Novice: 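Take a look at the following structure, please.
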Amino acid sequence: MVDIDKKLEQVSRQFCIEGTYVGHRTIQVGNVNQTYEVQFILPSGEEKSFLVQNVNTYAFRNPVQLMENIDQVTEHIRRKKPGQVALHFHHTADRKIYVIDGDNFWRMTNFIPASVTYSSMIDKQVVRNAGKAFGEFQVQLSDFDSSKLSETIPGFHNTKLRYQQLEEAIQADPVGRCKQVQPEIDFLLSVKESACKLTDMQEKGLLPLRVTHNDTKINNVLFNPDDNSAIVVVDLDTVMPGLVGHDFGDAIRFAANVVPEDCKEYERAAVNLDVFRAFAEGFLEMTANTLTDNEVDTLGLSCFTLTVELATRFLADYLLGDPYFKINYPEHNLVRTRCQIALAKDMQEHQKEMERIIKECVMGEKKHG
Ligand code: GN1
Ligand code: MG
């Protein structure tokens, strides 16, 4: 068993942090990387925290390229909005923004004090501001040359590929869990065609590729607790070329679900249309005037798509013995799968209403210019 304090202090020193190491706090948010807040008393006497992350190299096979992406994206945003709070990565003595230590890949960023994240039971104003923040993020990157970005996870939101990976996991069934999950497999296969429609349209060139965030859980936005304004969008590991619906749909499947994404009473999962509207208002306030008709027409479908796609990912991971997502108990990925499936079913029932709300928001924005 490694002494985590010893390890975190040693990593911090490699990022040139001086002074006295005080301790750490494990951050529970995030299903892929492991995040810690480390506290120091600097030589000046100032108490200061930093965020140290151990990047999951099973998920991100080329973390060096990933850091190059993030570096370019954060620089681009910083140039657009100098003075705004931004993510900033610390350098080692040899000017690298990461430390490789055996199988571990570490990075360190500034800790943004007096900021909060929200995961559930969210106020509408918070959701609207999250929508604005993710919308603005995409607009800020609209002139970023996407050929400079590497694909950190190939085919990340290629729903067809996600189905293929699920089908391979079913075939292989290495830990013998397949027999337990036939209803889930049956449901997912039954909606394959509609879930893969976005990918089909992308392949046919009917939807434009943009630079998108691709992991728009509301807890990837830091807020100011005094007025609930968004401070900064974080977790830039999956910033890559993608569809606007990837960001919109993923945000809705997380924020507008009436229960957390891993609720054990998964049959309660459903979309809260007020939260849906609040996010759509914020997101479209920033993006409506840049979207094509096909993009607007498929935003409603994108919510269903991203929900089903994540269900295929959770289920494939469960079938493979949970190598990818962090789990807190053995059935965790199965519960997550069931919760996404229940949400997807509810979204199917509310698809028309969701589309109507989107149209209303877009019309409103076009009128106001
Ligand atoms: C992961 O890293 P985190 O927890 O923000 C995952 C997302 C999933 C999400 C589900 C790189 O996001 O794609 O939607 O879990 N990120 C990656 O909670 O796979
Ligand atoms: Mg992430």
Side-chain angles (χ1 to χ4, degrees), residues 26-36 51 53-63 65-67 69-70 73 87 105 107 109 117-120 130 133-134 137 149-159 161-162 165-166 195 198 212-222 232-243 245-257 259-263 266 269 302-318 320 322-328 332-344 347:
T26 303
I27 308 265
Q28 300 299 345
V29 178
N31 287 335
V32 174
N33 297 322
Q34 186 62 58
T35 311
Y36 306 92
L51 276 190
Q53 272 190 319
N54 190 346
V55 176
N56 177 334
T57 51
Y58 178 83
F60 298 104
R61 302 294 169 102
N62 195 333
Q65 271 185 1
L66 173 148
M67 293 308 291
N69 275 8
I70 297 186
V73 166
L87 278 190
F105 188 97
R107 64 186 174 198
T109 62
T117 56
Y118 298 98
S119 283
S120 54
F134 283 125
F137 183 82
L149 293 176
S150 16
E151 258 195 305
T152 57
I153 298 180
F156 189 58
H157 284 312
N158 179 330
T159 314
L161 177 70
R162 295 304 191 177
Q165 290 167 342
L166 173 61
L198 274 194
T212 45
H213 182 282
N214 294 309
D215 190 2
T216 47
K217 290 180 3 183
I218 198 164
N219 57 24
N220 282 330
V221 181
L222 304 189
V232 63
V233 169
V234 299
D235 193 356
L236 308 183
D237 295 334
T238 50
V239 175
M240 287 180 281
L243 303 181
H246 295 153
D247 280 0
F248 185 81
D250 193 49
I252 293 298
R253 67 131 206 106
F254 188 79
N257 191 351
V259 294
E261 72 174 11
D262 59 353
C263 179
Y266 38 82
S302 75
C303 305
F304 173 75
T305 302
L306 272 283
T307 306
V308 170
E309 181 188 282
L310 189 59
T312 67
R313 295 176 59 199
F314 283 146
L315 186 56
D317 202 42
Y318 182 67
L320 295 178
D322 315 298
Y324 188 100
F325 293 104
K326 284 193 263 169
I327 54 166
N328 298 335
H332 203 160
N333 273 320
L334 180 56
V335 167
R336 287 169 172 150
T337 306
R338 290 180 171 157
C339 196
Q340 294 304 297
I341 288 179
L343 177 63
M347 283 177 169

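If you're wondering where the values come from, they're calculated on a predicted model, not measured in any experiment. Counting starts at 1 for both ligands and their atoms, following the listed order.
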Novice: Within a distance under 4.0 Å of any heavy atom of N220, pick out the atoms of ligand 1 and give their elements.
Specialist: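 Heavy-atom distances to N220 below 4.0 Å select 5 (O).
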Novice: Could I get the full list of salt bridge (Lys or Arg N to Asp or Glu O under 4.0 Å) partners for R338, not counting sequence neighbours?
Specialist: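 For R338, the residues satisfying salt bridge (Lys or Arg N to Asp or Glu O under 4.0 Å) (neighbours in sequence not counted) are E184.
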Novice: Decide whether the shortest distance between a heavy atom of R313 and an atom of ligand 1 is less than 4.0 Å.
Specialist: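 For ligand 1, residue contact (heavy atoms, under 4.0 Å) with R313 is present.
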Novice: Does only the side chain of R253 get under 4.0 Å from ligand 1, or the backbone, or both, or neither? Count heavy atoms.
Specialist: side chain
Novice: Would you mind telling me if ligand 1 is within reach of the side chain of F254, the backbone, both or neither, using heavy atoms under 4.0 Å?
Specialist: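 It is neither part, as no heavy atom is under 4.0 Å.
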Novice: Using a plain distance cutoff, I'd like to know if N214 has any nitrogen or oxygen under 3.5 Å from a nitrogen or oxygen of ligand 1.
Specialist: no
Novice: Under 4.0 Å from any heavy atom of G30, which atoms of ligand 1 are there?
Specialist: 4 (O)
Novice: Do D237 and D215 have side-chain heavy atoms sitting under 4.5 Å apart?
Specialist: no
Novice: Between K217, H157, Q340, which one has a non-hydrogen atom sitting closest to atom 9 (C) of ligand 1?
Specialist: K217
Novice: Hey, which atoms in ligand 1 end up nearer than 4.0 Å to a heavy atom of F60?
Specialist: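 Every atom of ligand 1 under 4.0 Å from some heavy atom of F60: 11 (C).
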Novice: So which bit of D215 gets within less than 4.0 Å of ligand 1, heavy atoms only: side chain, backbone, both or neither?
Specialist: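 Looking at D215 and ligand 1, just side chain atoms fall under 4.0 Å.
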Novice: Verify side-chain contact (heavy atoms from CB on, under 4.5 Å) between L315 and L166, making sure each step is shown before the conclusion.
Specialist: CA-CA 7 Å; L315 186 56; L166 173 61; 3.9 Å; yes
Novice: Might you point out which heavy atoms bring V335 and C263 nearest each other, and give the distance in Å?
Specialist: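 For V335 and C263, the tightest heavy-atom pair comes out as CG1-O, 3.4 Å.
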Novice: Taking the side chain as every heavy atom from C-beta outward, state whether D322 and H332 have any pair of such atoms under 4.5 Å apart.
Specialist: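 A side-chain contact is absent here, since even the closest heavy-atom pair is not under 4.5 Å.
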Novice: I want to know if ligand 1 touches T238 in the polar sense, i.e. an N/O pair below 3.5 angstrom.
Specialist: no
Novice: Give a yes or no answer on whether the side chain of D317 reaches the backbone of N333 with a donor-acceptor pair at less than 3.5 Å.
Specialist: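 No, because the side chain of D317 does not come within donor-acceptor range (under 3.5 Å) of the backbone of N333.
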Novice: Quick check on contacts: which atoms of ligand 1 are under 4.0 angstrom from a heavy atom of L310?
Specialist: 8 (C), 10 (C), 14 (O)
Novice: Using heavy atoms and a threshold below 4.0 Å, how should the contact between N33 and ligand 1 be classified: side chain, backbone, both, or neither?
Specialist: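 Neither; nothing of N33 gets under 4.0 Å from ligand 1.
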Novice: Any idea which atoms of ligand 1 are less than 4.0 Å away from a heavy-atom of Y324?
Specialist: 11 (C), 17 (C), 19 (O)
Novice: side-chain contact (heavy atoms from CB on, under 4.5 Å) for Q340 and R313? Distances and angles first, verdict last.
Specialist: CA-CA 10 Å; Q340 294 304 297; R313 295 176 59 199; over 6 Å; no
Novice: Are A59 and ligand 1 in contact, using a heavy-atom cut-off of under 4.0 Å?
Specialist: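 Distance cut 4.0 Å: A59 fails for ligand 1.
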Novice: Please classify the E261 to ligand 1 contact at 4.0 Å (heavy-atom distances, strictly less than): side chain, backbone, both or neither.
Specialist: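 For E261, the contact with ligand 1 is made by the side chain alone.
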Novice: Heavy atoms only, cut-off 4.0 Å: how does V29 contact ligand 1, side chain, backbone, both, or neither?
Specialist: neither
Novice: Between V308 and A195, which heavy-atom pair has the shortest distance, and what is it?
Specialist: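 Distance-wise, the nearest heavy atoms are CG1-CB, 3.8 Å.
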Novice: Do Q53 and T35 have side-chain N/O donor and acceptor atoms under 3.5 Å apart?
Specialist: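 Present: a donor and an acceptor within the cut-off.
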Novice: Taking the inter-plane angle between the rings of H246 and H157 on a 0 to 90° scale, is it parallel (under 30°), tilted (30 to 60°) or perpendicular (over 60°)?
Specialist: tilted
Novice: At a non-hydrogen distance cut-off of under 4.0 Å, which region of D237 contacts ligand 1 (side chain, backbone, both, or neither)?
Specialist: neither
Novice: Please identify each residue that fulfils salt bridge (Lys or Arg N to Asp or Glu O under 4.0 Å) with D247, with sequence neighbours left out.
Specialist: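 Counting only residues at least two positions away or on another chain, D247 forms no salt bridge (Lys or Arg N to Asp or Glu O under 4.0 Å).
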